[in-house]
Number of protein chains: 2
Amino acid sequence: MTEKYDIVIIGAGPVGLLLSTCLARWGYKIKHIDMRPEPTATGRADGIQPRSLDLLRNMGLKRAIMAHNPAKVFEVAFWDPSEKGEGIHRTGTWASCPSFIEARYPFTTLLHQGLIERVFIADLEKNGVQIQRPWRITGFQNDGGDPEYPVEVSIAHVEGDEKETMRAKYLFSGEGARSFIREQLGVQIVHKDPIAHVWGVMDGVVRTDFPDIKMKCTIHSDAGSIMVIPRENNMVRLYIQIASSTDADWNPRKTATEEEVQNHAKKIMHPYSITWDRVEWYSVYPIGQGIAERYTLDERVFMGGDCCHTHSPKAGQGMNTAFLDAQNLAWKIHHVETGFADRTILKSYESERKLIAENLLNFDAAYAKLFSTRQPSAGEVGHANAQTAGEQQPAEENEFIKMFKASCEFTSGYGVAYNANLLNWCPSHPAQSPLFLSHDAGTTALRTGRILIPATVTRVSDANVVHLEQEIPLNGAFRIYVFAGDISRTSRAVHDFAAALDRRNSFFRRFERADLDKVSYHEKHNPHSDFFTFATVVNAKRPEVEIRRDLPETLARYFDHVYADDVWDRRVPEAKAAAHVKMGLSEETGGVVVVRPDGYVGCVVKLVEGSGTVDALDGYFGAFTAKKVGAKGEGARL
Amino acid sequence: MTEKYDIVIIGAGPVGLLLSTCLARWGYKIKHIDMRPEPTATGRADGIQPRSLDLLRNMGLKRAIMAHNPAKVFEVAFWDPSEKGEGIHRTGTWASCPSFIEARYPFTTLLHQGLIERVFIADLEKNGVQIQRPWRITGFQNDGGDPEYPVEVSIAHVEGDEKETMRAKYLFSGEGARSFIREQLGVQIVHKDPIAHVWGVMDGVVRTDFPDIKMKCTIHSDAGSIMVIPRENNMVRLYIQIASSTDADWNPRKTATEEEVQNHAKKIMHPYSITWDRVEWYSVYPIGQGIAERYTLDERVFMGGDCCHTHSPKAGQGMNTAFLDAQNLAWKIHHVETGFADRTILKSYESERKLIAENLLNFDAAYAKLFSTRQPSAGEVGHANAQTAGEQQPAEENEFIKMFKASCEFTSGYGVAYNANLLNWCPSHPAQSPLFLSHDAGTTALRTGRILIPATVTRVSDANVVHLEQEIPLNGAFRIYVFAGDISRTSRAVHDFAAALDRRNSFFRRFERADLDKVSYHEKHNPHSDFFTFATVVNAKRPEVEIRRDLPETLARYFDHVYADDVWDRRVPEAKAAAHVKMGLSEETGGVVVVRPDGYVGCVVKLVEGSGTVDALDGYFGAFTAKKVGAKGEGARL
């Protein structure tokens with residue numbers, strides 16, 4: 001008997017672990033192997049960007065990460081050769097996530113990859129998944145021998161004779177840059193920037209009078225360049241470029257000893273002194289920009305993370321991009337396997353995530369070019385930061401500031417923007433209705449393919465002040481936010497919305513839970529359907545809202561997802577209902593926002609009397625659901 | 001050989017555990033016993049007030065508490081009999097910690113006592129302390145048989161024949177209301193309010209259409225009264241008064257079955273329905289207001305927590321008062337035992353903490369009276385809440401609003417105010433200098449005996465935005481905040497301050513660490529002395545501050561405790577340096593704030609050129625240090 005799995009995951013780095021964690025929580029049977037006998041002990045990736053921290057919080061893992069007291073980078077400092085005499089001087093600093101980006105956590109979190117891996121591993125163990133180590137993949141084929149489990153996978157113990165063969169619905173490579181699966185598939189790596197570098201990276205505890213040792217720094221000196229990144233437990237990471245393919249004597253195998261790198265660093269940082277108490281990790285590795293031409297050939301064998309994209313460590317994006325690769329794939333597999341979505345949505349994994357990797361590589365190159373030209377002036381940085389309420393806006397933005405802003409958005413993770421497709425509505429989407437709102441048309445501030453704008457509101461049931469965008473956990477469900485505006489004006493529209501949801505063929509009724517009559521009274525997120533969680537946001541003071549009086553039964557059932565939009569926000573200081581205003585929705589008439597399970601906006605629809613709002617949503621969902629929904633006109637009230 | 005301990009602690013409830021945790025961290029040898037075979041399994045205390053959460057955070061324990069996803073109470077709702085017909089209606093709600101109180105965590109955290117106990121127990125175990133269970137105290141005497149360990153203590157296994165006798169420097173009773181030690185000492189309980197009650201308390205998971213089930217509620221109905229408190233894991237606690245000593249048939253042994261209480265609750269909550277999925281804990285107990293006449297007779301055998309004060313559960317103050325009892329005692333014992341402070345400071349444990357218990361009991365009575373008279377009107381609540389910037393202040397406060405505000409301050413824990421004594425400076429303190437600032441004189445907003453006003457600032461070393469009042473952990477040291485104002489104006493004063501600190505007999509030099517030359521380069525809080533941590537707050541934008549250029553070496557050594565006062569604060573929207581302004585200090589010339597190890601302000605002094613500032617501090621500390629300090633005029637520069 002060949003063992004059968006929903007998915008076989010190769011590699012227990014960030015991409016494999018996040019994918020595995022999601023799917024394990026949603027009940028899938030997983031075989032997860034890794035070549036290393038233990039999780040990462042030291043070194044490797046370490047930067048969690050603001051957007052990734054949002055994601056980890058949405059998964060309930062942030063607290064365990066923060067328990068390790070990671071370093072937090074709020075500012076980046078630039079050091080250049082002094083104009084007169086020797087040594088270096090600071091030319092400026094800027095926020096690593098400036099206030100024009102609305103981030104809950106406007107900083108980069110630095111923690112060694114092994115601690116991050118262990119947080120996922122602990123969660124996996126709660127769901128019965130153990131990483132099998134040290135095992136490697138030895139072969140696979142999508143031979144369709146079993147239509148339900150079309151992929152055969154062979155694995156072996158790294159050192160012994162033990163072997164296993166199994167069948168799976170999916171195979172995922174989170175193997176890293178050297179991927180057996182990618183090679184076997186014959187997928188090529190395209191090198192965008194032909195220049196490769198050899199980097200030295202050293203984690204250690206130092207003593208120094210260099211004042212910015214606890215900030216991220218790029219230091220250019222006549223003796224060379226170095227990047228400084230603070231770490232937990234008084235550690236500092238130094239990146240130093242050892243060789244470049246543009247060097248006359250370029251040798252990708254060029255190396256340097258710990259001591260050589262330390263001496264080099266001492267010269268670069270002169271006149272400041274630096275000595276090492278201890279070195280935790282030291283590594284030298286060649287790396288170039290590369291991107292896989294395909295992320296999957298058959299929507300059965302998938303790849304993600306470093307397997308698909310490599311780049312310089314400067315942007316600190318590796319782990320973050322890996323996380324989002326995995327998150328993107330996880331819910332799509334889930335929706336296909338549960339019969340919610342058509343198999344075609346799996347194609348959007350490659351189209352969405354490869355675009356991001358391309359942007360990353362372009363950014364990486366542009367970023368380098370930007371700084372090779374010149375450093376930003378203090379005035380420019382000031383202007384670029386001046387985007388919160390009450391501060392002066394620059395009359396005009398020059399190219400440099402635009403690039404700076406784009407780079408901050410990108411490195412913080414908030415620049416991720418998926419193009420329009422079946423999941424991200426645009427005017428050419430199959431769903432056509434005059435009720436769809438769009439950023440381009442200026443009818444909402446929300447952009448499809450971008451994350452929901454964060455907003456602070458008051459939960460009506462318990463008066464807790466909460467972060468709206470975090471209220472629904474990453475549970476595989478679409479998040480449908482009903483911004484109800486002024487309920488005294490919209491009451492009929494809200495009740496009509498609920499009534500239309502209740503029509504026989506609505507997207508909502510078509511995907512009701514099979515165990516509807518056995519659902520726990522205390523179920524908060526998915527009382528009706530595994531695929532939808534509803535949240536209602538009312539423009540009112542909390543004590544004015546009476547959930548069971550003001551809302552139709554369907555929405556009132558989400559008793560813990562009703563919010564009063566009554567928290568003052570500095571970004572819209574004059575707003576009565578700040579969340580409505582920030583979303584670019586009317587404080588009076590509201591609107592309905594559909595957010596994908598991964599937090600990206602799918603579509604935004606006017607909230608109107610009659611069935612139009614639900615008709616539009618039927619159209620949106622019907623474009624990719626596995627069952628027909630909506631059947632406009634046929635829908636009869638049950 | 002009789003075993004010797006620094007302290008023997010009886011009882012592992014909140015008061016004993018917090019005391020034990022502090023002393024264990026500071027290296028004391030502890031014997032800690034408890035009569036119960038296990039920590040609290042269900043029920044008992046559960047409310048952590050905002051101020052207590054500050055304290056737990058300052059001890060590094062908040063994250064472990066919050067990991068249990070406690071309920072958070074932001075609002076209290078009042079329900080009364082409907083005027084017409086039967087049933088109840090809501091007469092109003094108000095914030096449990098309104099915005100006129102500046103709290104980092106403006107809510108009550110509800111979590112069952114056993115989970116809280118376990119957080120402390122885990123920390124104790126890290127420091128080598130195990131609670132010995134189930135053991136009880138059988139005898140003790142302060143016989144001075146050993147001058148260093150004057151107290152003999154005998155303990156025995158609760159069920160067996162095992163016995164131990166030991167000697168200790170201190171004995172502490174955290175035994176709860178029924179205290180063997182208190183009885184043996186012959187300390188009387190004074191009953192402030194002669195009325196006693198029998199309370200029923202029930203924790204359970206319920207189903208109800210009562211809309212405020214997730215808020216704290218007091219419900220008065222024609223069928224009786226009930227208090228509702230939400231809990232973690234969908235639980236709800238109900239308090240119900242079963243009998244009162246004012247009843248004609250008063251019987252302190254009166255009881256009621258679970259079912260009787262549930263039926264009673266159903267009647268009170270009519271027309272809303274309520275049913276129980278399960279009952280986690282149910283208990284009936286008689287309780288009256290009581291306070292111990294003394295907390296110690298000899299400053300060797302101490303008592304705290306419920307052993308010293310009992311009251312109705314309504315105010316939710318039991319555990320919180322216990323925490324603060326323990327914290328107050330911990331650092332005083334530490335300062336005496338390390339030779340820093342004169343033994344007389346131990347007397348202030350009783351004088352400070354008994355006052356708070358008296359206030360608590362008075363409050364408890366006044367609170368009950370307030371609500372027996374009438375409920376607040378919506379307008380009054382609105383006025384009382386309207387104290388943040390930009391909102392209208394009421395022209396005049398009536399008695400009712402004053403009482404309301406006082407009660408909110410008190411229940412949140414921020415009303416704790418210690419009277420003037422050697423530790424809390426006032427004009428009659430032995431230390432006399434025209435440089436002392438005071439709230440009464442209007443020269444600072446800070447009040448001695450009250451906690452430091454919270455302020456958000458930017459740490460210069462790493463640009464992290466931080467909570468100033470939390471930056472120095474509860475480590476037994478006084479916290480000396482140098483608000484340096486505009487450093488271009490105060491540079492001389494700041495350097496003179498550091499120079500004066502360096503005088504031979506200054507409070508600072510007299511209590512230098514013995515291992516000064518072996519202190520770790522990475523020591524952040526106590527590089528010079530175990531008893532002082534310095535923090536410098538500069539009125540400047542972070543990038544303008546160059547620590548080693550702008551500050552004298554002594555202050556620059558606290559490299560991670562230098563802050564830029566550059567974070568906008570809604571409470572003082574026009575301020576350039578919000579923290580300075582909130583403390584009531586000049587943004588130009590600053591001032592020095594001494595905060596006791598427990599976070600309460602000790603004294604505030606002008607920052608001036610010359611030695612006057614340090615002279616004043618020498619006077620302040622000299623009033624209670626075990627060694628003479630300051631010797632004004634004699635102090636020569638070393």
Side-chain angles (χ1 to χ4, degrees), chain A residues 60 63-64 66-67 69 71-77 90 92-96 106-107 205-209 211-216 230 233-234 275 277 378 381-382 388-391 458-466 520-522 524 542-543 545-549 556 559-560 568 570 573, chain B residues 60 63-64 66-67 69 71-77 90 92-96 106-107 205-209 211-216 230 233-234 275 277 378 381 388-391 458-466 520-522 524 541-543 545-549 556 559-560 568 570 573:
Chain A
R63 198 173 271 141
M66 298 316 260
N69 294 314
K72 296 176 190 170
V73 168
F74 280 71
E75 278 188 29
V76 185
R90 189 196 297 115
T93 70
W94 68 33
S96 69
F107 51 81
V205 177
V206 303
R207 301 185 184 207
T208 179
D209 55 358
D212 290 354
I213 197 70
K214 303 211 168 184
M215 287 196 269
K216 179 171 171 178
N233 291 331
N234 293 316
T275 58
D277 278 6
V381 172
T388 46
E391 292 177 63
T458 307
R459 191 158 54 210
V460 171
S461 66
D462 60 7
N464 278 217
V465 176
V466 298
S520 162
Y521 174 85
H522 301 286
K524 289 177 180 167
R542 194 214 64 80
V545 186
E546 201 70 70
I547 296 175
R548 294 192 182 89
R549 178 196 67 197
F559 194 74
D560 294 294
W568 182 80
R570 196 185 172 196
Chain B
R63 198 173 272 141
M66 298 316 258
N69 293 315
K72 296 176 188 171
V73 168
F74 280 71
E75 278 190 29
V76 185
R90 188 196 296 115
T93 70
W94 67 34
S96 69
F107 50 81
V205 176
V206 303
R207 303 185 182 208
T208 179
D209 55 359
D212 290 354
I213 197 69
K214 302 213 169 184
M215 288 198 267
K216 179 171 172 179
N233 291 331
N234 292 316
T275 59
D277 278 7
V381 171
T388 45
E391 293 178 63
T458 308
R459 193 158 54 208
V460 171
S461 66
D462 60 6
N464 278 217
V465 177
V466 298
S520 162
Y521 174 86
H522 301 287
K524 289 178 180 167
K541 300 274 182 203
R542 195 215 64 80
V545 185
E546 202 68 70
I547 296 175
R548 293 192 183 89
R549 177 195 70 195
F559 193 76
D560 293 295
W568 182 81
R570 195 185 172 194

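Numbers restart at 1 for each chain; the letters A, B, ... are given by sequence-line order, proteins then strands.
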Enquirer: With a 4.5 Å limit on heavy-atom distance, are the side chains of B/Lys72 and A/Val466 in contact?
Expert: no
Enquirer: Mark yes or no for whether B/Tyr521, through its side chain, and A/Thr208, through its backbone, hold a donor-acceptor pair below 3.5 Å.
Expert: yes
Enquirer: Between A/Pro230 and chain B, which part of the residue has a heavy atom less than 4.5 Å away: side chain, backbone, both or neither?
Expert: neither
Enquirer: How long is the span from the CG atom in B/Asn69 to the CZ atom in A/Arg63, to the nearest 0.5 Å?
Expert: 5.5 Å
Enquirer: For B/Arg549, is it the side chain, the backbone, both or neither that has a heavy atom under 4.5 Å from a heavy atom of chain A?
Expert: neither
Enquirer: Against chain B, label A/Asp209 side chain, backbone, both or neither, depending on which of its atoms sit under 4.5 Å from a heavy atom there.
Expert: both
Enquirer: Among A/Val206, A/Thr458, A/Ile213, A/Val460, who wins on heavy-atom pairs under 4.5 Å with chain B?
Expert: A/Val206
Enquirer: Check B/Met215 against A/Ala463 and note the closest heavy-atom contact, atom names and distance.
Expert: SD-CB, 3.9 Å
Enquirer: What distance do B/Lys541 atom NZ and A/Thr93 atom OG1 have between them, rounded to the nearest 0.5 Å?
Expert: 12.0 Å
Enquirer: Nearest 0.5 angstrom please: B/Glu75 CD to A/Asn464 CG, how far?
Expert: 10.0 Å
Enquirer: Output the option from B/Asp212, B/Val73, B/Val465 having the highest count of non-hydrogen pairs under 4.5 Å with chain A.
Expert: B/Val465
Enquirer: Measure distances from A/Arg207 to the heavy atoms of chain B and classify the residue's part below 4.5 Å as side chain, backbone, both or neither.
Expert: both
Enquirer: Given heavy-atom pairs under 4.5 angstrom as the criterion, report whether the side chain, backbone, both or neither of B/Arg90 touches chain A.
Expert: side chain
Enquirer: If you tally heavy-atom pairs under 4.5 Å against chain B, which of A/Lys524, A/Glu546, A/Lys216, A/Arg542 wins?
Expert: A/Arg542
Enquirer: Which atom pair, heavy atoms only, marks the closest approach of B/His522 to A/Asp277?
Expert: NE2-OD2, 3.1 Å
Enquirer: When you compare the side chain of B/Arg570 with that of A/Trp568, does any pair of heavy atoms fall below 4.5 Å?
Expert: yes
